[in-house]
Number of protein chains: 2
Amino acid sequence: LTALLSPTWFVAGETGSWRILRVEAVKGDSLPAARRLSVCGPGDDVAGAARWSLQGVVGHARYVQSQEKAALGAVQPALGRESATCAAFIPIRKSAAWWELAQDERRAILEERSHHIAEGMKYLPAIARRLYQSRELGEPFDFLTWFEFAPEHADAFEQLTALLRRSEEWAYVEREVDIRLSR
Amino acid sequence: LTALLSPTWFVAGETGSWRILRVEAVKGDSLPAARRLSVCGPGDDVAGAARWSLQGVVGHARYVQSQEKAALGAVQPALGRESATCAAFIPIRKSAAWWELAQDERRAILEERSHHIAEGMKYLPAIARRLYQSRELGEPFDFLTWFEFAPEHADAFEQLTALLRRSEEWAYVEREVDIRLSR
């Protein structure tokens, strides 16, 4: 039987294995500064004084087509690699106009015109990525994306985020906070 | 700014404006029998002894393409019509195999091969329909669909559900409960 989805919590405060290096409001309101971040699953104890916390679930792929899925599956690295001591946590909310588009319109903007999937794939396996869905949970962001990479790939990661932020898809981004971390 | 999504609760027990006529397990486990059902939004008081409750959010359309969206928008009736005294509440869970498919594969099964959208459209405006997403909320069902129609369209509704249950898409349905109601 299908397992029920359970949320992952990103808890910012005084504890956690990730040290927060900077918090930048790319668009809209920022999030409060904090020293450390914990990533908590169902078995973890989320107790303690949090400055803020956000939750999301790893659901199914919303835009990836079958050939892309096969290509991604062949090169996508796991999280938690020993060498990947740098991370970025990027919560994003898109506009009402985005959510009112039909599936084919959203796909065309995301991939055919903004090349989100194809461009991201060029940075694999250097940059590991996991997308958490938050919109359905009534959260202030629609997605939480977590990236992990080794220090030597930090410049490549800057190129990727800069490229995506210039894309047509990003015109629908209403709020974006870019949080960098290390462990 | 985009409003945050909030869940709708379907609460079965001794109170509520809908009388439960029957509860049928179409596939997998049923739900406990109860006399009445309330449909509760953010402002409502969900207190009281419930036999069971299920929640979902009205999110964005997952498969509908732009031409279909325009066609649906032109004929889709609202819920709560005076004449629509019959309702069906159908919680469904799909299999892990469904959720592992890519977007284009799920769309091809749902519409190009099972004609879910096109067949449903033939029953508009007689049968009003609203889809609630539950999967991301960690609920036991992936979707909750609520239908409303006048008694003279009850036979048409049986035709529609029978047709969909014979489709390729329904091979991925792992659990389905069909609850009929009147007010």
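When reading the values below, keep in mind they use all heavy atoms of this one structure, side chains included, and skip hydrogens, waters and symmetry mates. Letters A, B, ... mirror the listed sequences (proteins, then strands); counts begin at 1.
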With clusters defined by side-chain heavy atoms of hydrophobic residues (ILVMFWY) lying less than 4.5 Å apart, directly or transitively, does [Y] cluster with [X]?
{"X": "W18(A)", "Y": "V11(A)", "answer": "no"}
{"X": "V177(B)", "Y": "L137(B)", "answer": "no"}
{"X": "L37(A)", "Y": "I92(A)", "answer": "no"}
{"X": "I179(B)", "Y": "F147(B)", "answer": "no"}
{"X": "L181(B)", "Y": "F149(B)", "answer": "no"}

For R113(B), is the CZ atom crowded, meaning more than 12 foreign heavy atoms sit under 6.0 Å from it?
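More than 12 within 6.0 Å, yes.
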Would you find more than 12 non-hydrogen atoms of other residues, nucleotides or ligands less than 6.0 Å from R81(B) atom CZ?
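Atom CZ in R81(B) is packed in, count exceeds 12.
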Side chain, backbone, both or neither: which part of Q65(A) has a non-hydrogen atom closer than 4.5 Å to chain B?
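Both parts, backbone and side chain.
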Is R106(A) close to chain B through its backbone or its side chain, or both, or neither, when contacts mean heavy atoms under 4.5 Å?
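Just its side chain gets close to chain B.
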With sequence neighbours excluded, give me every salt bridge (charged side-chain N to carboxylate O under 4.0 Å, His left out) pair touching residues 121-132 of chain A.
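Non-adjacent pairs meeting salt bridge (charged side-chain N to carboxylate O under 4.0 Å, His left out): E119(A)-K122(A).
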Which pair of non-hydrogen atoms, one from L4(B) and one from G138(A), has the smallest distance, and what is that distance?
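The answer is CD1-O, 3.5 Å.
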Winner by heavy-atom pair count (cut-off under 4.5 Å) against chain A, out of R62(B), E139(B), E105(B)
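The candidate making the most pairs under 4.5 Å is R62(B).
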Sort by residue number and list every member of residues 66-80 of chain A having a non-hydrogen atom under 4.5 Å from chain B.
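Hits under 4.5 Å: S66(A), K69(A).
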Working to the nearest 0.5 Å, report the span between CH2 of W99(B) and CG of L5(A).
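The CH2 atom of W99(B) sits 9.0 Å away from the CG atom of L5(A).
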Show your reasoning for whether side-chain contact (heavy atoms from CB on, under 4.5 Å) applies to R135(A) and E136(B).
CA-CA 9 Å; R135(A) 178 173 158 79; E136(B) 288 81 4; over 6 Å; no
